There are 4 protein chains.
Amino acid sequence: MPRTEEQYKDIREQKKALIKETAMELFAQKGFSGTSMSLIAKQAGISKGLIYNYFTNKEDLIKTIIIDGFKIIIDVFDTNKDGVLTDEEMVFFLKGTSSILKENTSFWKLYLIVMMQADVMKLIENEFMEFLAPLLKTLVQYFEQKGVKDPVAHANLLGALLDGITLNYVIDPEHFPIDSIIDLIIDKFLK
Amino acid sequence: MPRTEEQYKDIREQKKALIKETAMELFAQKGFSGTSMSLIAKQAGISKGLIYNYFTNKEDLIKTIIIDGFKIIIDVFDTNKDGVLTDEEMVFFLKGTSSILKENTSFWKLYLIVMMQADVMKLIENEFMEFLAPLLKTLVQYFEQKGVKDPVAHANLLGALLDGITLNYVIDPEHFPIDSIIDLIIDKFLK
Amino acid sequence: MPRTEEQYKDIREQKKALIKETAMELFAQKGFSGTSMSLIAKQAGISKGLIYNYFTNKEDLIKTIIIDGFKIIIDVFDTNKDGVLTDEEMVFFLKGTSSILKENTSFWKLYLIVMMQADVMKLIENEFMEFLAPLLKTLVQYFEQKGVKDPVAHANLLGALLDGITLNYVIDPEHFPIDSIIDLIIDKFLK
Amino acid sequence: MPRTEEQYKDIREQKKALIKETAMELFAQKGFSGTSMSLIAKQAGISKGLIYNYFTNKEDLIKTIIIDGFKIIIDVFDTNKDGVLTDEEMVFFLKGTSSILKENTSFWKLYLIVMMQADVMKLIENEFMEFLAPLLKTLVQYFEQKGVKDPVAHANLLGALLDGITLNYVIDPEHFPIDSIIDLIIDKFLK
DNA sequence: GATGAATGAGTATTCATTCAT
DNA sequence: AATGAATGAATACTCATTCAT
C-alpha cells in the first residue's frame, strides 16, 4: 500500500530536520570547511546522495540551518515587537539570553563562526540584518526611554557585551560564570 | 662566491615577514582552512615552494603569526606587570584597546577565528594561556582593589565586553562606534 | 532505488581486484615510490579518487597486494604443514617453484623490491615472518632428517638459492634457464 | 696566493668522493627516489648547488656510483682474465666474495636495488653487461673444464646463488651465516 | 669553488557533487 | 525516497634543478 502524501511529507520533514541537526553539531564542532558532507551523512546514518535530495549543496545546508535558527530565536524573543521594553521585560530578555545560550550552544557557536567568515556571511547577510536590526532598534528605544546621554552607544555596548558573552560561553561553557555576569549586567544597565 | 651570512639573514627575514603579513590578511579574511597555501604564495608574489623554505607547514605558519602577534601585544600592554592598575592606567589601557584594534584589525580578526576553531586553537593553547592569564589576573586585582562585590565576575564581564567589541569592530570597522563605546565603558566601570 | 547489497559487493570486489592487479604490475616495474597513484588510476582506467574508495592510502595498497599474494602462495605450498618433507615432496616443491614463478612474475618481482626497501618492508614485517618462518623450518627439518652436518646452513643455502633464482628469473625471464637449474638443484641437494 | 692547479684537482677529487660515498650510503638505505639531493648535501655537509658542480643530475650521480663500484670490483677479481680458474682460484674467489660483501655492504645493496629498478637499470645496462659477461664466461669455462654435464646451468646456478647470498646478507648481515654457507658451496661445487 | 634562495612540476590525498540503479 | 560508486578539481607538501652572488 503506498503511503499517503501526508506520510511522505512527514518523512521528508523528519529527514530534513535530522540532517540539519546533525550538520549543525558538526559545523559548530569542526567548522564549515572542516566538516565533510560524507561525515554528516555517516553521522546521520544516511547516504551522501540523500542530503542532496533535500539541500542543493553544502552552502544551502548551512544557510538553511542559520536562517531557520534565526526564525526560532526571533519567535522566542519576539524582537519585532513595536512597543518599547519595560525594565521588567529587559530583565526577562537578559535572563532569557542565558537559557537560550545553554539550550542552543551549538547554534550560537555556529552563528559566531559564520559571522567571522566573510564568504559564508555573504550568503545570509540579508536574513542576518532582518534579524539584528529590530533587535538593535528595540535596545536603542529602551535606552532612549531611560533618558541616557548616548542611547546608540548604550545599545551597541550591550549588543557587543552579549556577543562577547556568547563567545566566551560557547568556547568554555563549563567555566564561564554566565549567570553571575548576567546579574551584574542587570545591575549595571538597569539601575 | 656565495652571499655573506648577513645578506642571507636579511633576505630570510624580509621574506618571512612578507609571507606572515600576506597570510595573516588572508587567514583573517577567509579563515584557516579557507585559505590555501597557493593563494598565499600568489598574493605574496612568490612560489608555493618558498613558503615551505620558511615555515615547516601551514600550521607552523598560523602558529607563528599568532604567537608573534601576542608578543607584540604583550610588549605594548606590558600585561605581565605585577602591580595593580590605577584608575589612570585602566583608562590608558581601555583607550589603548581602541587604537590597537584599529592598527591591527587583521590580527584581531584572526585571533577570533582561531578562538572559534578548536583544532587550530590546540596549536597555540599554551601561548594563548600565557597571554591571557596575566591579563585576566590584572583585571581581577583591579576590581578587588576597587572593593566591588564580585571581582571575578567583573573581570570576566569586562573581558567578554572587550571580546565583543573586538568582534563587532573587526566585522564592520566603518560603522561600529568604538570610541564612544570605550568612553561609556570608562564611565560605567571606573566610577 | 539503490542497487542490492549483493550488486554493490560485486562491483567493489571487481574494482578492488582491478586496482590491485594494475598496481602490482606497476610497482614491480617502477618500484614503490616510483609509481604514482595517478599512474595507477590512469592505467586502470579509473579516477584517482576511486582508489581511495577502496584503499585508505598507498601503503595500504601495497600492503594488501603483498599480503594477499602471500596468502595465495601459502595455500599453494601449504608451508604450514607440520610433518617433514619426503624427497618426493621436496621435488614437487622445487618443481612447483618454477611454475609459481612463471605464473606470478610480477608478484615475485614486487616481493624482491619490497625486501630491499626497508621502509616498505616495515609495513609487512609481521606477515612476512609468518610466511617465511614455517618455510625455513620445514627446510631445516628436511635436512636434519637427511642427516647432513649443518642443516641450518643447508636450509639457508637453499633459501638463498631460491631467492637468487627468483631475482634472475624476474629480471630476464626469457633468458634465464630456470628449469635446467631446478633440475640441477634436485640433483645436488637430494642425492 | 692562489692554489696550484694540482691542489684544485685534489679538492675536486676529494669532494667528488665525499659526495659519492654519502649518496651511496643513503641510496642503499632509503632507495633512489627515497633519497633527496638536499639530504645528500646536508649529510655531506655541503650545499645543494655544489653537487651539481660535480654531477649533472641525480641520475648521473647514481650511475657514476654504480659504474665506479663495478670498476673496483673488477680490479679486485680480475674477472677479465683469459685463462681458466683452477680449483684453488675458485676457492679464493668464493672466500673473497664473503669479505667483499662485508666491506662494501652498501654498494651491494645499492647494486640489488638498481637491478630491480628497470628505469635505473637502463642507465647502466652497458656497463653492467661488461661487468657480468666475463664473470659468467669464466664460470662456464671452469665448469666445462671440470667436465660437468651442463656447464651453463652450473654457472647460472652458482651466479644465482651468489646473488641470493648477497640479497640475504645485505638485508640482515648480523644473522645470515654467510661463511658457513660459502664453505658449504665449496664443498658442493668443487668436489 | 660554493652558497642557499627560489622555482614549478609533481605527489598523495580529500571532498563536494553527480548519477545509474 | 535512497544508495554509494565514481569523478575531478583542489589541497598541502616535496624536490630536482637553477642561478645570482
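Every chain is numbered from 1, with letters handed out A, B, ... down the list of sequences. Owing to the predicted nature of the structure, the values given are computational and were not obtained by experimental measurement.
- For B:Tyr54 and E:dA5, the shortest distance from a side-chain N or O to OP1 or OP2 is not below 4.0 Å.
- Minimum heavy-atom separation, B:Ser106 to B:Ala28: O-CB, 3.4 Å.
- In this structure, D:Tyr52 does not reach the E:dT3 phosphate: none of its side-chain N or O atoms is under 4.0 Å from OP1 or OP2.
- For the pair C:Asp119 CG and E:dA12 P, the computed distance is 14 Å after rounding to whole Å.
- In the set E:dA5, F:dA1, F:dT3, the nucleotide with an atom closest to the side chain of B:Ile11 is E:dA5.
- C:Glu13 has its CD atom 16 Å from the P atom of F:dG4, to the nearest Å.
- Within 4.0 Å (heavy atoms only), C:Thr35 reaches sugar-phosphate atoms of the nucleic acid but no base atom.
- Going from atom CZ of C:Phe55 over to atom P of F:dA5 covers 13 Å, rounded to whole Å.
- For C:Lys15 and F:dA6, the shortest distance from a side-chain N or O to OP1 or OP2 is below 4.0 Å.
- Mapping C:Ser36 and C:Leu50 onto DNA chain E via the closest heavy atom, the residue that lands nearer the 5' end is C:Ser36.
- Look at CD on C:Glu6: it is 18 Å from P on E:dT21, rounded to the nearest Å.
- You'll find that the side chain of C:Lys58 is closest to E:dA12, out of E:dA12, E:dA2, F:dA16.
- In this structure, C:Leu61 and C:Ala23 approach most closely via the heavy-atom pair CD2-CB, 3.9 Å.
- Taking for each of A:Glu59 and D:Ile51 the nucleotide of DNA chain E with the nearest heavy atom, the 5'-most of the two is the partner of D:Ile51.
- Looking at D:Glu127 and D:Ile66, their side chains never come closer than 4.5 Å, going by heavy atoms from C-beta outward.
- Nearest heavy atom pair, residue D:Phe70 against residue D:Phe107, reads N-CZ, 3.9 Å.
- Between D:Asp60 atom CG and F:dT18 atom P the separation is 12 Å, expressed in whole Å.
- Checked options C:Ile62, C:Ile40, C:Thr22; the residue passing with C:Thr35 is C:Ile40 (criterion: side-chain contact (heavy atoms from CB on, under 4.5 Å)).
- Close to E:dA5, at under 4.0 Å from its OP1 or OP2, lies a side-chain N or O of B:Asn53.
- For the pair A:Ile46 and B:Tyr8, nearest-nucleotide mapping onto DNA chain F gives the more 5' position to A:Ile46.
- Across every strand in view, F:dT14 sits in a pair with E:dA9 that passes the Watson-Crick or G-U test at under 3.5 angstrom.
- F:dT21 and E:dA2 make up a base pair, with Watson-Crick or G-U wobble contacts both under 3.5 Å.
- In this structure, D:Lys48 does not reach the E:dA6 phosphate: none of its side-chain N or O atoms is under 4.0 Å from OP1 or OP2.
- Taking the nucleotide of DNA chain F with the nearest heavy atom to each of B:Gly49 and C:Gly45, the more 5' of the two is matched to C:Gly45.
- Between C:Lys9 atom NZ and E:dT21 atom P there is a gap of 21 Å when expressed in whole angstrom units.
- One atom, CE of B:Met37, and another, C1' of E:dA6, lie 16 Å apart when rounded to the nearest Å.
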Worked verdict on C:Lys63 versus C:Asp60 for salt bridge (charged side-chain N to carboxylate O under 4.0 Å, His left out): CA-CA 5 Å; C:Lys63 200 174 155 176; C:Asp60 179 42; over 6 Å; no
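- Rounded to whole Å, atom C1' of F:dT11 lies 12 Å from atom CZ of B:Phe32.
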